[in-house]
Amino acid sequence: MSGLANYNVQVKQETFLVIGQHIFGSKILSLAEKHKVFLLIYKKLLTLINERELGALFFFNNSSSFNHIYRFISDYEFYFENFEININKNIAFFPGTFDPFSLSHKGIVTAIRNLGYEVYLSVDEFSWSKKVQPRMIRRQIINMSIADELGVYLFPDDIPVNLSNKNDLKALKSLFPNKNIHIVVGSDVLHNAAAYKARPTKYSIHSFNHIVFKRTQDDISSASLKKTEETKNRIKGSIIELKLPVYLEDISSTQIRDNIDSNRDISNLIDSLAQGFIYDRNLYTREPLDKGVLKSKPFTIEIIDDLSKNIVDEIGHYIFMHTSLYENIGEQLVSKQIKLLVIRDSKNSNKLLGFSAFHKIGSSEVYKEFQSQSIANYVREKTAGRIIVIDGIFINPSRIYNNMEQIILTETLAYCLKNDFTYALYYNIMSNTNSDAVLETLVLQGFQKVRDETSNKSVYAVDMKFPICLTLNMESFIKEPLNANEKVHEAVVDARKRLQQAMAGLYPGSLVLSIDNDMINQTLINKICSINNVSNEMQIPRVLGENMCVPFGNILKGLVVPNTVTKSLHTEKVYSTDAKTFKITEYPFYSPIENQIKTIKSFEKPVILVDDLLHKGYRIKEIDPILKRYNIDVKKIIVGIMSGRGKDLMDIQGRDSDCAYFIPNLRLWFNENLMYPFLGGDGMWMDNENMLNLIPSINLILPYYSPMYIRGASKDSVYNLSMVSLENAKKILLTLEAEYQELYEKKLTVKRLGEVLISPRLPYIGDNIYYDLNMEASHYMDASIETLIKLERIIK
């Protein structure tokens, strides 16, 4: 039976063919002998036959084998009339994360089975703070480990059972009518699980019989023993206590991960077939046991309308100390109706980190503002809407945090967009010189220099009516420790500037709003924790809010919101192989979306849905009907970036929504990581099973895809954006490869990308065309760059 659980498709096919043709289609075995074999393996066959067809050959192979089994059943019923099936009334239900399923788990299972129980293993999705492998991978590892153990089965994926949910437990009893159900738990679960601390009721966990596995490392103090006895007394059913051999008890997930990271043998810790599967897919390498807690940056942002003496003095002290502006800064600020956007360090006595000054003018006031006919004519030709003048951007000279110019400019422009301004001008009235960093940041956001030679004045102008939005998120997809590596950071920042420059070239003079992913996360944390009435800093002991956070897009991957149950709904935008159509489906190796929503339902908590972007709403349109079908109480939807169109969609659905950034007329949006092959991308729908942890993907740039969505831009600018994306990907990959080599003294090959990337991708190049997984990913970027160069003359 192990062959049916093998991850090699050919082995699966051949195994089932042998079972069908040579056992149930045998001319040698009698019907009675076949019946005896059938009673032993029929349920195993049902649980081990692949749930998804892996191509036409697999379908025809299975059909042939099933045909032999059906003929045997028909013949047996014809000759013997009654097809007797023995039913075991003793059921053991064993829930757990099983990450991975070890020999210790197998020892527990076989010990229970040998007592006369039929054992069902349920892959638990309720330990939300643990960073576990995708559910379908864990199920596959379990199937490999128990394939040769009769009487042991995987519990169905589409029936979640939360031990704290009375409705789930009631449903579990209904699945096994007139049977004796025992819940299998470790002694540590009795001590710590919230389900056992709750008050016993009719269908609560206390009403079940239990099989409890004691551990040698259990706390045997009098207080602990007293607590254990109290828990046992609340359990109304019978309790059977068992104990594992010491050599099996010592096996832990931490030990398995450490051995894998050190490239040591794990055959004494895990099933040998599962071991091969883990090493072939490069699973569990550099993977922590727990999710990281989403940490907010210590920034507080405030808009100041009334320029009091205190704020003027503060600006003079922190920003302009030791400069000529220290004395007369107040006069400059109050000379017009200027507002300030101020950023402070909340963890350092609210120290001022930087500010921007801005004020509004009408189109009839442009000449009065700049005393330049040339500039006034230019602005009137470009806009007739509301105009904002940014009077300067200034940073604390101590420069505690990087990229402050970008953050302040983005926050200023986002505030102006939210308040319906459609044109922005930058003209520094406070100092005679502009910071090079500020001017560079302006140009990267699409600002163009407008100079009046007559009056010797220059302003920077940008049209904000239809902005492009770029989320700067590349570093959040790189694993520790390389995400904190200085050279990797420099490579990402350098690539980012080139990408921003290329995007500014798509629609010259139009705004490219570049939003730092950390700033989105900070705003989301504050909003979620505020709704949940909890602190945005992790509390010890942990106190959880009544609502659960459910991210359903690219945001918050592998992270939890402080003091909040955080359970991701794993979705993916998946393209057809010709890239003409796409659909929203479950993320590779996860349960179908409907099954994931059933799991969320079992938490019995109101839900705060979280996504990175809401514009056309492909994801929310897919999951909204399922959420309503299962009566999920969606308290609010919070997104990083929301367009006017996205807001309309929420109003149509009757959903309460909020966002970190509101962009009324969003032209295009880009996620930084999705532009780079191997580092990000959208999924591809494959008929055959993906045998790697690398997800077949497409990047919506040349030469992989014709970017028809970039409407109105010149072919030259689209070509340039694609080339810059390819070259940036190569540069970042080269840096990751060099630093990985330095750190671990081995090459970062395509196969090992999962060790440094949270979501490693494999650019799709066609069916039956394969990458050499032992080559570096940067090597393949050269091929893509050369392909694009070959197309240059016809594209430009």
Side-chain angles (χ1 to χ4, degrees), residues 402-403 405-418 424 440-448 462-478 489 491-524 553-555 573 611-616 639-643 646 659-677 679-682 699-701 707 709-713 717-718 720-729 731-732:
N402 295 324
N403 208 26
E405 290 88 357
Q406 174 74 72
I407 291 172
I408 290 177
L409 180 58
T410 296
E411 294 300 322
T412 303
L413 293 173
Y415 172 81
C416 295
L417 281 166
K418 187 177 180 182
E440 181 189 38
T441 304
L442 289 169
V443 171
L444 293 176
Q445 310 310 298
F447 281 77
Q448 291 185 320
V462 72
D463 186 351
M464 301 197 298
K465 192 172 183 182
F466 296 106
I468 293 174
C469 200
L470 170 64
T471 304
L472 309 176
N473 64 350
M474 186 63 248
E475 285 169 305
S476 63
F477 284 85
I478 300 173
H489 174 73
V492 170
V493 170
D494 184 57
R496 179 172 293 162
K497 290 178 180 179
R498 296 184 67 229
L499 184 64
Q500 289 172 301
Q501 193 173 25
M503 287 187 177
L506 291 175
Y507 307 99
S510 185
L511 176 62
V512 177
L513 190 67
S514 303
I515 303 177
D516 191 299
N517 196 58
D518 287 343
M519 295 301 293
I520 294 177
N521 287 345
Q522 177 187 338
T523 307
L524 293 181
N554 291 318
I555 208 159
K573 188 178 184 181
D611 198 4
D612 49 346
L613 174 82
L614 182 55
H615 179 48
K616 295 185 178 179
V639 297
I641 301 163
M642 182 185 289
S643 69
C659 62
Y661 297 91
F662 181 68
I663 317 293
N665 297 305
L666 183 61
R667 188 200 300 260
L668 287 172
W669 67 95
F670 297 94
N671 284 331
E672 185 181 23
N673 72 306
L674 298 183
M675 304 300 290
Y676 301 150
L679 302 170
D682 291 307
N699 302 89
L700 303 185
I701 56 172
Y709 60 94
I710 307 178
R711 297 185 180 92
S717 63
V718 173
N720 182 53
L721 175 63
S722 300
M723 181 59 77
V724 166
S725 298
L726 297 177
E727 291 171 348
N728 283 353
K731 181 170 184 178
I732 295 171

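Bear in mind the structure is a predicted one, so any value in this text is a computation, not a measurement. By convention here, the first residue in the shown sequence is residue 1.
Environment of CD in Gln448: crowded, with over 12 heavy atoms of neighbouring residues, nucleotides or ligands closer than 6.0 Å.
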Working note: Lys731 + Arg498, criterion side chain to side chain contact (heavy atoms under 4.5 Å, CB included); need CA distance, chi angles, decisive distance, verdict.
CA-CA 12 Å; Lys731 181 170 184 178; Arg498 296 184 67 229; over 6 Å; no

Side chain to side chain contact (heavy atoms under 4.5 Å, CB included) evaluation trace for Ile710 with Leu668:
CA-CA 8 Å; Ile710 307 178; Leu668 287 172; 4.0 Å; yes

Worked verdict on Thr471 versus Asp612 for side chain to side chain contact (heavy atoms under 4.5 Å, CB included)
CA-CA 9 Å; Thr471 304; Asp612 49 346; over 6 Å; no

Arg496 and Leu444: CA distance, side-chain angles, deciding distance, side chain to side chain contact (heavy atoms under 4.5 Å, CB included) verdict
CA-CA 10 Å; Arg496 179 172 293 162; Leu444 293 176; over 6 Å; no

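The shortest distance between side-chain heavy atoms of Asn402 and His489 falls below 4.5 Å. Considering only heavy atoms from C-beta on, Val639 stays 4.5 Å or farther from Leu613 through its side chain. Looking at Glu440 and Lys497, their side chains come closer than 4.5 Å, going by heavy atoms from C-beta outward. Taking the side chain as every heavy atom from C-beta outward, Thr410 and Met519 never approach each other to under 4.5 Å. Side chains of Glu672 and Phe477 form no contact here, defined as non-hydrogen atoms less than 4.5 Å apart.
Rounding to the nearest 0.5 Å places CD of Gln406 at 10.0 Å from CG of Leu442. The CG atom of Asp682 sits 8.0 Å away from the CG atom of Asn554 when rounded to the nearest 0.5 Å. With rounding to the nearest 0.5 Å, the separation of CG in Leu679 from CG in Asn673 is 8.0 Å. To the nearest 0.5 Å, atoms CG (Leu666) and CG (Leu417) are separated by 10.0 Å. Atoms CD1 and OG1, on Ile407 and Thr412 in that order, are 11.5 Å from each other to the nearest 0.5 Å. To the nearest 0.5 Å, atoms SG (Cys469) and CD1 (Ile663) are separated by 5.0 Å.
Exactly one residue among Asn728, Leu472, Asp494 makes a side-chain contact (heavy atoms from CB on, under 4.5 Å) with Leu499. That residue is Asn728.
Relative ring orientation between His615 and Trp669 is described as perpendicular, the plane-to-plane angle rising above 60° on a 0-90° scale split at 30° and 60°.
In this structure, Tyr709 contributes its side chain and Leu700 its backbone to a donor-acceptor pair below 3.5 Å. When atom types are taken as modelled, the side chain of Gln445 and the backbone of Leu511 share no donor-acceptor pair closer than 3.5 angstrom. In this structure, Asn699 contributes its side chain and Leu674 its backbone to a donor-acceptor pair below 3.5 Å.
Shortest non-hydrogen contact noted between Gln500 and Ser514 is NE2-OG, 2.8 Å. Closest non-hydrogen pair, Gly505 versus Pro508, comes out as O-CD, 3.7 Å. Annotation for Ala504 and Gly446: closest pair CB-CA, 4.0 Å, computed over non-hydrogen atoms. Asn665 and Lys465 make their closest contact through CB-O, 3.1 Å (heavy atoms, listed as atom of the first residue, atom of the second, distance). Closest non-hydrogen pair, Asn517 versus Ser476, comes out as ND2-OG, 3.6 Å. Shown here for Phe466 and Ser510, the closest heavy-atom pair between the two residues is O-OG, 3.3 Å.
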